[in-house]
There are 2 protein chains.
Amino acid sequence: MKVRIDGVTRDFRTLWREGKTVKMINQRKLPHKFEIYSTNSYIETAEAIRSMTLRGAGAIGVAGAYGIAQAALEFAESSVEEFEVKIRDAAAILVKTRPTAVNLANAVSRCLSVAGKGIVAERVKRIVNEADAIAEEDLESSRRIGDYGSQLIQDGSRLLTHCNAGALAFIDYGTALSPIRFAHVQGKEIFVFVDETRPRCQGSKLTSWELKQEGIQHAVIVDNAAGYFMRKGEIDMVIVGADRIAANGDVANKIGTYEKAVLARENGIPFYVAAPRMTFDLECSTGDEIVIEERDTEEVLSIWGEDENQAILKVYITPRDTPALNPSFDVTPAKYITGFITEVGIIKSPYRENIAKKLSRRLV
Amino acid sequence: MKVRIDGVTRDFRTLWREGKTVKMINQRKLPHKFEIYSTNSYIETAEAIRSMTLRGAGAIGVAGAYGIAQAALEFAESSVEEFEVKIRDAAAILVKTRPTAVNLANAVSRCLSVAGKGIVAERVKRIVNEADAIAEEDLESSRRIGDYGSQLIQDGSRLLTHCNAGALAFIDYGTALSPIRFAHVQGKEIFVFVDETRPRCQGSKLTSWELKQEGIQHAVIVDNAAGYFMRKGEIDMVIVGADRIAANGDVANKIGTYEKAVLARENGIPFYVAAPRMTFDLECSTGDEIVIEERDTEEVLSIWGEDENQAILKVYITPRDTPALNPSFDVTPAKYITGFITEVGIIKSPYRENIAKKLSRRLV
């Protein structure tokens, strides 16, 4: 992704590996400060995941893979027996940092599964290669989502997105933001309405930051205002990401996605979900089976921001004992979704049939 | 309204008059601190309105009336000629504080119109009496809205409200919150979902504070979560206030109201608008004629809260140069509204006919 630093535009990935060091954009400082954070051991990488120095499905998966690569490099001098024990312990520590992140567990176990037998040096090499391959696959699927999705975006389009399914949630490009990036590079004039996305404000903090770096026209709106602009005819298309997609096309995504989907349909606006194949969970038959995580109500009662002295701090919008409820995700029934943008093309209704068909390469 | 101070429950109006002094709950300090703010002259009252020490349609109207009463008392020793000039200047100053607030202009001009002729002392008396009458009428219409509206609320109901159409927006009781207060006093077990209502968070700051004082069970949710709870079947009824209602029943209200109305209909949930007759604007044929105010985008980019040292301050969620759009109100088409709760009863569809009929007492 592009990042403008002191007037110069440079290209960054969300995270990358340099030997035993993993470097990442520190997402806890964005959008106020751009800083690169380095971890020199798998323990430090685990801590970076836990503390949300980086977040987002794809990025966490790759961080887990890089973490296990770091561990392998750290244990390269161990005996075979020692290595096997230590690498398994490291995997457990990494996976525990975000227990509900399926990507993280999958990436770590994929690296372990290729370690194979034989001398430690060879095992280390295979693990490190697999970690690098996971990163490249993440990048490639985001790129293809951008390529396919951009074909749906007309010149002059005004789009709405919710939360951050951008480059920062993956290695680069993102899912929902990838077609927007591609359309912009293709020279299409586009404008993006950015839902602020309370409670954590990933829209106003991260999506807005990414679009600014790329020079894509946009405006942040409070979540309450999306319907207003839809009804006024100022939004042509909605693109969002997904956390989990059931076999019938029901989508779990950031809280508020369901509201935008209902409003889009009410106003005759196409509503697309952009996601790589790994987000589809064919073992989950419908959205009703998806358990919605309730997070700390502190997120509702407080907010992070920068004061007039440029200090980043948390303030309480309400007294700390105010009762609140904080479901983090919601389920958007498939009937509100115009199509899925994946790295193997656009998937249209009937979803149960077409999702299975498109993903069959992975299933057999 | 009830206010618990140091464990003792006392009863307060949003504002009241004590001779030449107007006292009000300082809404700029809520919900963090409960403070009474006093103004000793009409100039100070004008400043309190301008700085939003008090806000809300009814409260601003009464503040304007009390302000002109203060002015009359201040000028009681003037000659007739002087009095006429000074009172007109005072009226202009008061009305200018919130130019779009119809209530304010109406209340001030109503007080002036009863001043009549004759000696100054008599004029002063008539103005002061009229101001007091306006306050009592505001109180009485809120009470009746509560009485009528509470008949719609079943024991065990779970309600959703947006923004603050509570006691703090009027002299007492409020509009949307009045039926909720009455239902609670009638012994019905109710639970209120409180939309936080970005950008100014009147829901999490004011509605939640009012419900807490009354001991009414509630939870603050981010605006994004209302649809989630509706779809889960956890909301039985929505009640909101209104800023302006067109002759056909289209409603202008706080941004986000339209979203909640569409979601309520999609989920088969009754959606009621509670408002006194003065909110209906029969000269406005449909909602399309209502101009929507765009406010400073600063409201979107920043938020007020309390830091860990109990200081109330503003923090920026995003960099200050982030592009944003901030429509303050939206229009909810009449077709989404189940009924209007007014001080002369419930108004049902067909709205153009039934609104005109119900409000005829005022029209002839």
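Protein chains get the first letters and strands the later ones, always in sequence-line order, with residue 1 at the start of each. Side chains included, hydrogens not; waters and symmetry mates left out as well; all remaining heavy atoms used.
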Sidechain-backbone polar pair: B/T286 side chain, B/D288 backbone, donor-acceptor under 3.5 Å: yes
Could you check whether A/E298 and A/Y316, counting side-chain N and O atoms only, form a donor-acceptor pair closer than 3.5 Å? yes
Which bit of A/K212 comes within less than 4.5 Å of chain B, counting heavy atoms only: side chain, backbone, both or neither? side chain
If I measure from the heavy atoms of chain B, does A/A311 come under 4.5 Å with its side chain, its backbone, both, or neither? neither
Which residues pass the ring pair (Phe, Tyr, Trp, His ring centres under 6.0 Å) test with B/F191, sequence neighbours left out? B/F193
Against chain A, work out which of B/T332, B/L301, B/I292 has the most heavy-atom pairs shorter than 4.5 Å and name it. B/I292
Short side-chain to backbone donor-acceptor contact, A/E234 and A/R158, under 3.5 Å: no
Under a plain distance cut-off of 3.5 Å, with no hydrogens placed, do A/T207 and A/N164 share a side-chain donor-acceptor pair? yes
So among B/I216, B/V220, B/I190, which one has a side chain to side chain contact (heavy atoms under 4.5 Å, CB included) with B/L211? B/I216
Using 0.5 Å steps for rounding, measure from the NZ atom of A/K2 to the CD atom of A/E214. 5.5 Å
Pick from B/I221, B/L263, B/V300, B/D330 with the largest number of heavy-atom pairs that fall under 4.5 Å of chain A: B/L263
At a heavy-atom distance under 4.5 Å, which candidate from B/E196, B/K314, B/R231, B/K205 has the highest pair count against chain A? B/R231
Please look at A/T318 and chain B and tell me whether the side chain, the backbone, both or neither of the residue comes under 4.5 angstrom of a heavy atom of that chain. both
Would a 4.5 Å heavy-atom cut-off, applied to side chains only, mark A/Y351 and A/I337 as touching? yes
Select one option (side chain, backbone, both, neither) describing which atoms of A/D321 are under 4.5 Å from chain B's heavy atoms. side chain
Checking heavy atoms, do the side chain of B/N267, its backbone, both or neither come under 4.5 Å from chain A? side chain
Is chain B contacted by the side chain of A/V194, its backbone, both, or neither, given a heavy-atom distance below 4.5 Å? neither
Contact part of B/S204 toward chain A, heavy-atom cut-off under 4.5 Å: side chain, backbone, both or neither? both
Contacts of A/K260 that satisfy salt bridge (Lys or Arg N to Asp or Glu O under 4.0 Å) - sequence neighbours left out: B/E259
With chain A, the option among B/R320, B/H32, B/R265 that has the most non-hydrogen atom pairs under 4.5 Å is B/H32
Please classify the contact between A/E266 and chain B as side chain, backbone, both or neither, with a heavy-atom cut-off of under 4.5 Å. side chain
Which residue out of A/N326, A/V331, A/T297 racks up the most heavy-atom pairs below 4.5 Å with chain B? A/V331
Look only at the side chain of B/D195 and the backbone of B/T197, and say whether a donor-acceptor pair between them is shorter than 3.5 Å. no
The interface call for B/D223 against chain A, heavy-atom contacts under 4.5 Å, is both
Side chain, backbone, both or neither: which part of A/F229 has a non-hydrogen atom closer than 4.5 Å to chain B? side chain
One option among B/Q217, B/H162, B/E306 has the most heavy-atom pairs under 4.5 Å with chain A, and it is B/E306
Considering only heavy atoms and a distance below 4.5 Å, find which of B/L313, B/V262, B/T257, B/L325 pairs most often with chain A. B/L325
Roughly how far apart are A/I235 CD1 and A/I269 CD1, rounded to 0.5 Å? 6.0 Å
